[in-house]
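In what follows, residues are counted from 1 in the order of the sequence shown.
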Amino acid sequence: MEILIISGLSGGGKSRAASYLEDIGYYIVDNLPAEMMSKFAAFCAASCGRYDRVALVYDVRAGEPFNLLIETVEKIKESGVKCRLLFLEAETRTIINRYKETRRVHPLAGKKLNVEQAIQLEREMMQPVRDHADFVLDTTGFSTAKLRGEILSLFGDQNSCNGLNVNVQSFGFKHGIPLEADLVFDVRFMPNPYYVESLKHKTGLDSAVQEFVFSFQQTNEFLKQLENMLSFLLPLYAEEGKSVLVLAIGCTGGHHRSVAIAHEIASYIAKEGYQVTENHRDISR
């Protein structure tokens with residue numbers, strides 16, 4: 001079991017970091033006081049693996065002495081749970097600009113303090129937490145893709161190709177193109193098993209249909225070209241910071257050709273090391 005505590009300056013990028021961690025399987029809890037963390041850690045440890053990777057967001061809103069967080073981290077470690085602390089910060093001018101863009105109010109700003117003074121006060125208050133952190137990220141000048149890349153580099157599965165999850169789904173054009181699709185490929189040029197009586201009531205997951213579909217040269221040439229395209233595109237999507245890519249393969253009804261091709265493409269993508277899910281939207285229609 002692993003607990004990652006995300007802390008740092010307001011406007012430093014904690015919320016975005018948490019969302020990227022959620023993309024790679026962390027269970028996120030925002031604004032959890034330190035005095036509740038030990039009990040939550042015990043609850044997660046007793047959950048039979050349901051909460052193996054947890055990220056807790058902690059900041060100045062907790063309104064408690066920060067030495068309590070440090071003591072809690074050490075207590076969790078002593079219990080045998082892997083516990084690490086990530087601290088995010090940025091230059092004052094960058095944080096001010098981020099607050100201007102979002103039009104949010106700094107949690108320490110008020111009648112007595114302007115935003116710059118509030119940031120300086122928070123920086124001083126959070127210094128003990130920063131000094132105790134396992135990782136410190138200065139997000140000044142970070143694009144969203146850069147921050148995501150840093151988070152995945154530190155905490156992602158090294159075999160998951162930067163956290164890109166590819167959803168491969170088959171569909172039938174007569175039922176409409178999936179609205180969520182990023183890439184759509186039409187395989188209606190392939191010979192249709194529907195017109196073979198012994199295959200008509202089977203699907204592209206049946207070996208007999210797969211053998212028919214892949215018995216044609218154009219099918220195998222298409223598959224080769226598509227795999228070459230994906231081997232070029234997927235690393236670029238991952239590098240740009242895309243977390244989910246929906247790849248849709250369509251035939252007329254969504255029972256035969258698209259199912260067989262989608263199944264084969266999903267297997268190829270998995271072998272390339274990406275997280276992949278396979279879905280056949282219209283197979284039972």
Side-chain angles (χ1 to χ4, degrees), residues 3-23 26-44 54-78 81 83-155 241:
I3 291 182
L4 175 64
I5 298 173
I6 309 169
S7 189
L9 303 183
S10 302
K14 297 187 299 298
S15 295
R16 284 193 179 275
S19 67
Y20 299 144
L21 288 164
E22 188 172 33
D23 287 342
Y26 278 81
Y27 182 83
I28 309 298
V29 180
D30 191 15
N31 198 22
L32 187 69
E35 59 187 1
M36 295 179 62
M37 288 182 182
S38 295
K39 293 181 180 179
F40 189 75
F43 166 77
C44 292
V54 176
L56 311 176
V57 183
Y58 180 92
D59 57 31
V60 72
R61 294 173 296 166
E64 58 189 11
F66 295 118
N67 64 304
L68 184 58
L69 172 64
I70 297 171
E71 293 171 2
T72 299
V73 169
E74 295 306 313
K75 184 178 179 180
I76 293 174
K77 289 180 179 178
E78 290 171 3
V81 174
C83 183
R84 296 182 290 178
L85 177 58
L86 167 67
F87 191 93
L88 293 105
E89 61 184 5
E91 293 178 355
T92 298
R93 175 52 55 188
T94 297
I95 295 177
I96 291 175
N97 288 338
R98 288 174 182 173
Y99 270 100
K100 285 182 178 179
E101 290 173 1
T102 61
R103 299 185 180 181
R104 296 184 62 195
V105 179
H106 191 283
L108 296 181
K111 295 181 179 179
K112 296 183 179 180
L113 297 177
N114 59 34
V115 176
E116 184 173 357
Q117 293 169 330
I119 294 169
Q120 183 57 37
L121 175 60
E122 183 182 30
R123 200 181 294 276
E124 295 170 0
M125 293 172 63
M126 297 292 286
Q127 187 63 40
V129 178
R130 186 187 190 279
D131 292 341
H132 199 77
D134 298 283
F135 310 95
V136 177
L137 280 183
D138 186 338
T139 63
T140 303
F142 273 26
S143 64
T144 54
K146 173 65 174 175
L147 177 57
R148 183 177 185 274
E150 291 291 331
I151 293 298
L152 295 178
S153 175
L154 289 172
F155 307 109

Distance (rounded to the nearest 0.5 Å) between [X] [atom1] and [Y] [atom2]:
{"X": "Ile28", "Y": "Leu4", "atom1": "CD1", "atom2": "CG", "answer": "8.0 Å"}
{"X": "Ser15", "Y": "Tyr20", "atom1": "OG", "atom2": "OH", "answer": "11.0 Å"}
{"X": "Met37", "Y": "Lys75", "atom1": "CE", "atom2": "NZ", "answer": "13.0 Å"}
{"X": "Ile95", "Y": "Leu9", "atom1": "CD1", "atom2": "CG", "answer": "4.5 Å"}
{"X": "Leu137", "Y": "Lys146", "atom1": "CG", "atom2": "NZ", "answer": "9.0 Å"}
{"X": "Leu152", "Y": "Leu147", "atom1": "CG", "atom2": "CG", "answer": "9.0 Å"}

Got a sec, which residues hit side-chain hydrogen bond (donor to acceptor under 3.5 Å, both in side chains) with Gln127, two or more places apart in sequence or on another chain?
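With neighbours one apart ignored, the set is Asp131.
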Can you list everything that forms a side-chain hydrogen bond (donor to acceptor under 3.5 Å, both in side chains) with Arg93? Sequence neighbours excluded, please.
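Result, side-chain hydrogen bond (donor to acceptor under 3.5 Å, both in side chains) vs Arg93: none returned.
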Does the side chain to side chain contact (heavy atoms under 4.5 Å, CB included) test come out yes or no for Leu69 and His132, once each step is laid out?
CA-CA 10 Å; Leu69 172 64; His132 199 77; over 6 Å; no
Counting only heavy atoms not in [X], do more than 12 sit closer than 6.0 Å to its [atom1] atom?
{"X": "Arg16", "atom1": "CZ", "value": "no"}
{"X": "Arg104", "atom1": "CZ", "value": "no"}
{"X": "Met125", "atom1": "CE", "value": "yes"}

Contact summary for [X] and [Y], nearest pair of heavy atoms:
{"X": "Phe87", "Y": "Ala133", "result": "CB-CB, 3.7 Å"}
{"X": "Arg98", "Y": "Gly13", "result": "NH1-N, 4.3 Å"}
{"X": "Glu150", "Y": "Phe142", "result": "CG-CE2, 3.7 Å"}
{"X": "Ser10", "Y": "Val60", "result": "OG-CG1, 4.1 Å"}
{"X": "Gly11", "Y": "Lys14", "result": "N-NZ, 4.5 Å"}
{"X": "Asp138", "Y": "Glu91", "result": "OD1-N, 4.2 Å"}

Look only at the side chain of [X] and the backbone of [Y], and say whether a donor-acceptor pair between them is shorter than 3.5 Å.
{"X": "Thr139", "Y": "Gly12", "answer": "yes"}
{"X": "Arg84", "Y": "Asp134", "answer": "no"}
{"X": "Ser7", "Y": "Asp59", "answer": "no"}
{"X": "Thr72", "Y": "Leu68", "answer": "yes"}

Taking the side chain as every heavy atom from C-beta outward, state whether Pro128 and Ile70 have any pair of such atoms under 4.5 Å apart.
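Yes; the side chains approach each other to less than 4.5 Å.
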Within the 4.5 Å heavy-atom criterion, are Phe40 and Val54 side-chain neighbours or not?
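Side chain of Phe40 against side chain of Val54, heavy atoms only: contact under 4.5 Å found.
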Which ring pair (Phe, Tyr, Trp, His ring centres under 6.0 Å) pairs, counting each pair once, include a residue from residues 98-125, with sequence neighbours left out?
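Passing the test, one end in residues 98-125: Tyr99-His106.
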Among Glu122, Glu124, Gln117, which one satisfies side chain to side chain donor-acceptor pair (under 3.5 Å) with Gln120?
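That would be Glu124.
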